[in-house]
Amino acid sequence: MLCSDIFFDNSCVGGEKMAYSTEIDRKWQKKWEETKLYKFDRENLDKKLYCLEMFSYPSGANLHVGHWYNFGLTDSWARMKRLQGYNVFHPMGFDAFGLPAENYAIKTGIHPKDSTYRNIRTMEKQLKDMGATYDWDYEIITCDPEYYKWTQWMFLKLYENGLAYRKKAPVNWCPSCKTVLANEQVVDGACERCHSEVTKRDLTQWFFKITEYAQELLDCIPGLDWPEKTKKIQTNWIGRSEGAEVEFRVDGSDLTFKVFTTRADTLYGVTYVVLAPESEITDLVTTEEYRQQVEEYKEFARKQTEIERMSTVKEKTGVFTGGYAINPVNNEKVPIWIADYVLAGYGTGCVMAVPAHDERDFEFAQKFNLPIRRVIRGMDGMPDELPFVEDGILVDSMEFSGMTSEQARDEIVKKLEKEGKGEKKVNYRLRDWLVSRQRYWGAPIPIVYCECCGTVPVPEDQLPVELPYDVEFTPDGESPLAKCESYINTVCPKCGKPAKRDPDTLDTFVCSSWYFLRYPDNRNDKEPFNREWINKLLPVDKYVGGAEHASMHLLYARFFTKALRDMGYLDFDEPFLSLVHQGTILGPDGARMSKSRGNTISPDEYIEEYGSDVFRLYLAFGFAYTEGGPWNDEGIKAISRFVNRVERLVDSFLNARDKTGSDRFGPDEKELAFVRNTAIKSVTEDADKFQFNTSIARLMELTNALYKYEALDNKNRKYMEETIRDLLIMLSPFAPHFAEEMWEKMGYPYSIFNEKWPQYDPEALKRDTVELAVQINGQVKYKIEVPASADNKEIEEAALNDEKAAVYLKDREIVKVIVVKGRLVNIVVKK
RNA sequence: GCGGACAUGGCGGAACUGGCAGACGCACCAGACUUAGGAUCUGGCGGGAAACCGUGGGGGUUCAAGUCCCUUUGUCCGCACCA
């Protein structure tokens with residue numbers, strides 16, 4: 001038993017202490033810090049590269065596999081870029097406001113501020129243990145008053161520029177989180193965070209006018225180096241739709257209302273109009289006789305949860321208001337209904353119903369016995385039973401009859417335009433961003449309400465509006481800050497009379513909408529950032545984080561950037577030029593990791609056993625980066641073996657260093673050179689596009705080739721050393737501590753990270769002869785060896801004259817021969 | 001319901017612009033070294049006795065298809081009464 005360690009441990013080869021471990025990690029982390037290896041160089045900005053991971057929420061637990069996958073591998077990428085001569089700016093910080101800390105406080109009584117800062121300390125330590133290249137001088141923490149002061153400043157600037165406004169509107173309410181939510185935070189009718197069913201509440205809340213930028217947000221998407229999927233999500237989220245706005249008059253009154261339609265060609269088929277139950281004009285058109293049923297229906301609609309309302313299978317409901325509208329194209333009187341299939345937030349909240357040519361209207365009309373009038377026929381006898389929703393030829397539409405739908409849309413709107421009753425209109429699905437939250441742990445909204453002066457922004461020199469510490473934050477639907485007398489009661493900055501502060505805090509997405517702008521200038525206490533300086537450092541060149549932020553953070557950050565540009569604070573259009581999403585590492589059972597499933601993988605245990613580099617390397621090698629996949633214990637063991645294999649290679653090289661070698665450059669060296677240069681080329685290209693698995697594969701091949709070469713009796717030690725040198729440099733981004741240790745072992749000067757990334761020699765990739773596959777009618781039958789320089793004619797001859805060819809060509813006619821240089825020869829024959 | 005992505009050995013995953021499918025690794029098998037092996041090294045490894053067959057299923061285009069087109073199934077994602 002006593003000896004088992006020695007026997008079963010691989011640490012005693014060649015009498016020297018072997019095996020990379022956490023000790024090596026610590027050794028180099030210390031040295032890197034002491035020598036300030038990763039300090040960003042503020043001078044040489046012509047080759048700057050801003051590499052950023054989405055910062056994270058400081059949770060109490062240790063870093064999980066997902067953090068390592070995102071941070072560790074992006075760090076490898078950053079390290080490679082550094083070796084390639086880039087001046088890499090790679091900061092890290094914390095998205096520290098948010099619900100978990102507050103909920104934790106409600107449960108345990110520990111103040112969010114205390115738990116958050118404690119968690120941040122733990123996480124900082126863990127991130128340092130990971131050995132990433134972060135320059136901590138640029139750290140930011142969004143719950144620091146020095147940071148949220150500027151978040152509040154952002155709010156005020158948006159307010160001054162008409163991009164922040166307050167309105168009363170039906171807003172999404174999560175009964176469990178006891179706060180409102182932005183549209184983006186409602187997923188399938190449920191709260192994104194706690195999955196409770198979201199309901200509607202009529203509240204006065206702050207909004208950011210992101211819709212003002214809908215078109216530009218859409219227009220810039222094609223130019224972004226982002227995953228297509230993410231671009232598509234944003235495009236759909238913005239949801240541009242072209243149509244017309246048409247004005248209807250209410251019968252017997254001066255009142256008018258507009259409807260948005262993409263099918264102006266069907267205007268002659270309108271048989272009724274429908275208002276959203278929440279629409280303000282509902283009350284105005286409702287007649288006394290129908291008032292009660294309208295009120296009852298409004299109540300019914302209001303009570304529904306989002307999930308109920310969104311259900312497309314449910315039967316249509318609605319009631320007649322008693323009022324009538326006049327169709328502007330033919331002055332026909334049509335009844336006005338209200339129904340919850342019309343959404344208050346989209347378009348004008350009113351639709352013209354054309355049951356003959358719209359499925360929803362058709363269903364509704366059938367149920368309530370409303371007239372259905374065909375005005376479109378299918379083209380060329382195309383089947384056109386109702387509801388016929390395609391384009392076609394107009395019928396029964398006065399002078400427009402006979403036109404195509406496309407033509408009629410234009411002509412009808414033109415006519416309405418002349419009469420001032422309609423115009424072309426682009427509509428967006430995107431709604432303004434609701435930013436108020438009835439919670440404590442967030443940046444306070446810097447607004448004061450004064451009885452005399454009304455809504456008064458807090459003057460800049462009074463920022464930050466600090467969060468009070470002693471607060472009762474049990475949520476009851478009212479903002480915790482509202483109950484904090486000392487906070488809520490203040491004086492009006494304008495007139496000095498008593499006034500009240502806004503009791504809400506800002507959505508944490510506001511904090512993360514501009515943090516990338518603050519990193520480069522995080523100590524600036526005069527302004528959020530210096531314009532000239534961030535114009536030099538931004539945009540972010542490579543942004544890496546989860547795909548779940550496609551329609552929220554990434555859209556908001558783009559909006560902020562554009563708004564700040566237009567307000568004159570910066571001079572670029574987009575914050576993140578290139579974006580990568582990491583995949584998800586699943587549990588060994590292939591399911592999403594979760595405590596309840598008991599399939600979580602704790603990085604710490606593996607790091608303790610194998611060291612941080614082995615863990616990182618496994619994450620790099622075992623998965624397609626953007627896909628992720630199931631964890632596999634065997635995989636990490638394999639990587640550990642690979643690391644040991646490299647170390648043994650270095651050791652055996654060193655043991656024989658003094659022995660004489662040759663300086664020949666024969667076939668063996670040529671073969672080694674081929675593998676070496678292939679590796680350089682492939683690793684450079686693959687790692688650049690976050691294809692780490694194939695990068696590591698090429699390094700394994702190079703290691704295998706070196707082993708093969710090492711086994712030879714007579715070798716060119718100088719060339720072998722050069723090759724090992726390249727191997728270590730290329731391995732260093734992925735296994736930084738280990739590579740640094742091997743580098744030192746080889747006797748090279750500190751640090752490997754100050755070396756130059758190797759460049760491949762195209763000559764070494766050329767082989768003297770190449771093997772080509774020969775196909776007969778597309779099937780590979782045999783192989784031939786030809787000089788690499790052979791032209792098509794020579795290759796064809798070699799293929800046809802090969803001794804193996806005869807069998808296949810006997811009694812057959814050669815139709816043609818296709819030669820693909822360097823690949824194959826295809827001989828097409830027939831009997 | 002609409003839109004998109006994906007589907008490759010026992011497993012994780014490779015495959016340029018249509019050009020030898022299965023790189024690299026795991027697992028497995030054999031051998032070597034060994035008192036020993038869960039260490040290390042060497043070799044093998046899609047199926048099939050072979051002809052041949054093989055990239056979810058079916059069809060097509062092409063000299064040639066994992067890759068392009070049509071269709072179908074399954075998984076995942078986005079949107080979901082958007083007028």
Side-chain angles (χ1 to χ4, degrees), chain A residues 7-10 12-13 187-189 227-230 232-237 239-241 243 259-263 266 273-274 276 309-314 316 339-343 345-354 357-361 363-364 389 427-431 547-548 550-551 590 618 621-624 627 629-639 641-642 644-645 648 682 685-686 691 693-701 703-704 707-708 711 771-783 815-829:
Chain A
F7 282 149
F8 291 98
D9 180 329
N10 55 7
C12 285
V13 178
V187 176
D188 292 334
E228 287 306 317
K229 200 174 89 187
T230 307
K232 188 92 189 178
I233 290 172
Q234 292 218 344
T235 304
N236 292 342
W237 193 263
R240 182 190 152 104
S241 139
V259 302
F260 174 74
T261 179
T262 53
R263 293 297 302 273
T266 64
V273 298
V274 196
R309 179 159 179 174
M310 282 185 352
S311 163
T312 43
V313 289
K314 93 169 188 193
K316 296 260 178 301
D340 65 359
Y341 80 92
V342 174
L343 308 173
Y346 184 75
T348 59
C350 316
V351 306
M352 55 180 229
V354 187
H357 305 294
D358 181 282
E359 277 166 24
R360 297 152 298 178
D361 298 342
E363 195 193 321
F364 192 81
V389 299
N427 207 10
Y428 300 91
R429 202 191 77 103
L430 181 71
R431 323 271 171 84
E548 66 275 15
S551 59
Y618 170 58
F621 179 66
F623 312 86
E627 300 297 314
W631 177 268
N632 179 354
D633 263 358
E634 297 304 323
I636 196 164
K637 285 182 196 150
I639 288 293
R641 266 203 294 273
F642 168 63
N644 289 332
R645 213 166 131 76
R648 273 196 305 276
S682 306
E685 289 169 0
D686 292 356
Q691 206 173 302
N693 53 352
T694 49
S695 304
I696 307 298
R698 298 292 89 81
L699 293 177
M700 287 173 167
E701 281 170 356
T703 306
N704 292 344
Y707 262 74
K708 212 173 224 172
E771 193 191 56
L772 298 182
V774 181
Q775 298 180 329
I776 306 293
N777 289 343
Q779 272 188 344
V780 178
K781 296 293 184 187
Y782 57 95
K783 312 259 169 119
V815 181
K816 64 173 153 176
V817 179
I818 291 144
V819 177
V820 184
K821 244 189 173 169
R823 297 276 175 193
L824 52 71
V825 181
N826 190 9
I827 304 168
V828 185
V829 298

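The sequence lines fix the lettering, A, B, ..., with proteins before strands; numbering per chain opens at 1. Both backbone and side-chain heavy atoms feed into the values below; hydrogens, waters and symmetry mates do not.
- Within the 4.5 Å cutoff, the side chain of A:Tyr618 has no heavy atoms near those of the A:Phe642 side chain.
- Counting heavy atoms from C-beta outward, A:Phe623 and A:Asn693 have side chains that stay 4.5 Å or more apart.
- Of the side-chain N and O atoms in A:Tyr341, none sit less than 4.0 angstrom from OP1 or OP2 of B:rA83.
- Below the 3.5 angstrom threshold, one finds a donor paired with an acceptor across the side chain of A:Lys783 and the base of B:rC20.
- Position along RNA chain B of the nearest nucleotide to A:Ile696 versus A:Lys708 favours A:Ile696 as the more 5'-ward residue.
- B:rC6 is paired with B:rG74 under the Watson-Crick or G-U wobble criterion, all donor-acceptor distances under 3.5 Å.
- Side-chain atoms of A:Asp361 and A:Tyr341 include a donor-acceptor pair closer than 3.5 Å.
- If you take atom P in B:rC63 and the same atom in B:rC2, they sit 37 Å apart, rounded to whole Å.
- Checked by distance alone, A:Arg823 brings a side-chain donor or acceptor within 3.5 Å of a matching partner on the base of B:rC16.
- Under the side-chain contact (heavy atoms from CB on, under 4.5 Å) criterion, A:Glu627 pairs with A:Ala624, sequence neighbours left out.
- Spacing between B:rC45 and B:rG31 at atom C1', rounded to whole Å, works out to 15 Å.
- The distance from atom CG of A:Asn236 to atom P of B:rC2 is 15 Å, rounded to the nearest whole Å.
- The heavy-atom pair separating A:Val342 from A:Gly349 by the smallest distance is CG1-O, 3.4 Å.
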Pull out every protein N or O sitting under 3.5 Å from an N or O of nucleotides 7-14 of chain B, one pair per line with the distance.
{"unit_1": "B:rG12", "atom_1": "O2'", "unit_2": "A:Gly622", "atom_2": "O", "d": "2.4"}
{"unit_1": "B:rG13", "atom_1": "OP1", "unit_2": "A:Gly628", "atom_2": "O", "d": "3.0"}
{"unit_1": "B:rG13", "atom_1": "O3'", "unit_2": "A:Asn693", "atom_2": "ND2", "d": "3.1"}
{"unit_1": "B:rA14", "atom_1": "OP1", "unit_2": "A:Asn693", "atom_2": "ND2", "d": "3.3"}

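- Across all strands shown, B:rA14 forms no Watson-Crick or G-U wobble pair with both key distances under 3.5 Å.
- The phosphate of B:rC26 has OP1 or OP2 within less than 4.0 Å of a side-chain N or O from A:Arg641.
- Separating the CD1 atom in A:Ile827 from the NZ atom in A:Lys781 is a distance of 11.5 Å, to the nearest 0.5 Å.
- Of all nucleotides present, only B:rC29 satisfies the Watson-Crick or G-U wobble test against B:rG43, with each distance under 3.5 Å.
- Between the CZ atom in A:Arg240 and the OG1 atom in A:Thr235 there is a gap of 12.0 Å [rounded to 0.5 Å].
- Side-chain contact between A:Asn777 and A:Val828 is present, with heavy atoms from C-beta onward closer than 4.5 Å.
- Within the nucleic acid shown, A:Lys781 comes within 4.0 Å of sugar-phosphate atoms alone, with no base atom in reach, counting heavy atoms only.
- Atom name C1', nucleotides B:rG25 and B:rU61: the rounded distance is 37 Å, in whole Å.
- Nucleotides B:rG1 and B:rU8 are separated by 25 Å at their P atoms, to the nearest Å.
- The P atoms of B:rU71 and B:rC76 are separated by 23 Å, rounded to the nearest whole Å.
- In this structure, A:Lys316 fails the cation-pi test against A:Phe364, since its NZ or CZ atom is not both closer than 6.0 Å to the six-membered ring centre and inside 45 degrees of the ring normal.
- Base pairing analysis places B:rU62 opposite nothing; no Watson-Crick or G-U wobble pair with both distances below 3.5 Å involves it.
- Nucleotides B:rA65 and B:rC20 have their C1' atoms positioned 14 Å apart, rounded to a whole Å.
- Distance, A:Ile636 CD1 to B:rC24 P: 22 Å, rounded to whole Å.
- Nucleotides B:rC24 and B:rG43 place their P atoms 12 Å apart, quoted to the nearest Å.
- Distances from the side chain of A:Lys316 to the nucleotides B:rG25, B:rC81, B:rA83 place B:rC81 closest.
- Remark: A:Arg429 is not in phosphate contact with B:rA83, judged by side-chain N or O atoms under 4.0 Å from OP1 or OP2.
- Checking side-chain atoms of A:Arg645 against main-chain N and O of A:Met700 turns up no donor-acceptor pair under 3.5 Å.
- Closest to the side chain of A:Gln779, from the set B:rC53, B:rA21, B:rC79, is B:rC53.
- Rounded to the nearest Å, the gap between the P atom of B:rA15 and that of B:rG58 is 26 Å.
- With 3.5 Å as the limit, one finds no donor-acceptor pair spanning the side chains of A:Arg429 and A:Asn236.
- The residue among A:Ala773 and A:Asn704 whose nearest nucleotide of RNA chain B is located toward the 5' end is A:Ala773.
- The A:Ala638 side chain lies nearest to B:rC26 when the options are B:rC26, B:rG43, B:rA83.
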Restricting both atoms to N or O, compile the protein contacts to nucleotides 60-68 of chain B shorter than 3.5 Å, with distance only.
{"unit_1": "B:rC63", "atom_1": "O2'", "unit_2": "A:Asn826", "atom_2": "ND2", "d": "3.0"}
{"unit_1": "B:rC63", "atom_1": "O2", "unit_2": "A:Asn826", "atom_2": "ND2", "d": "2.7"}

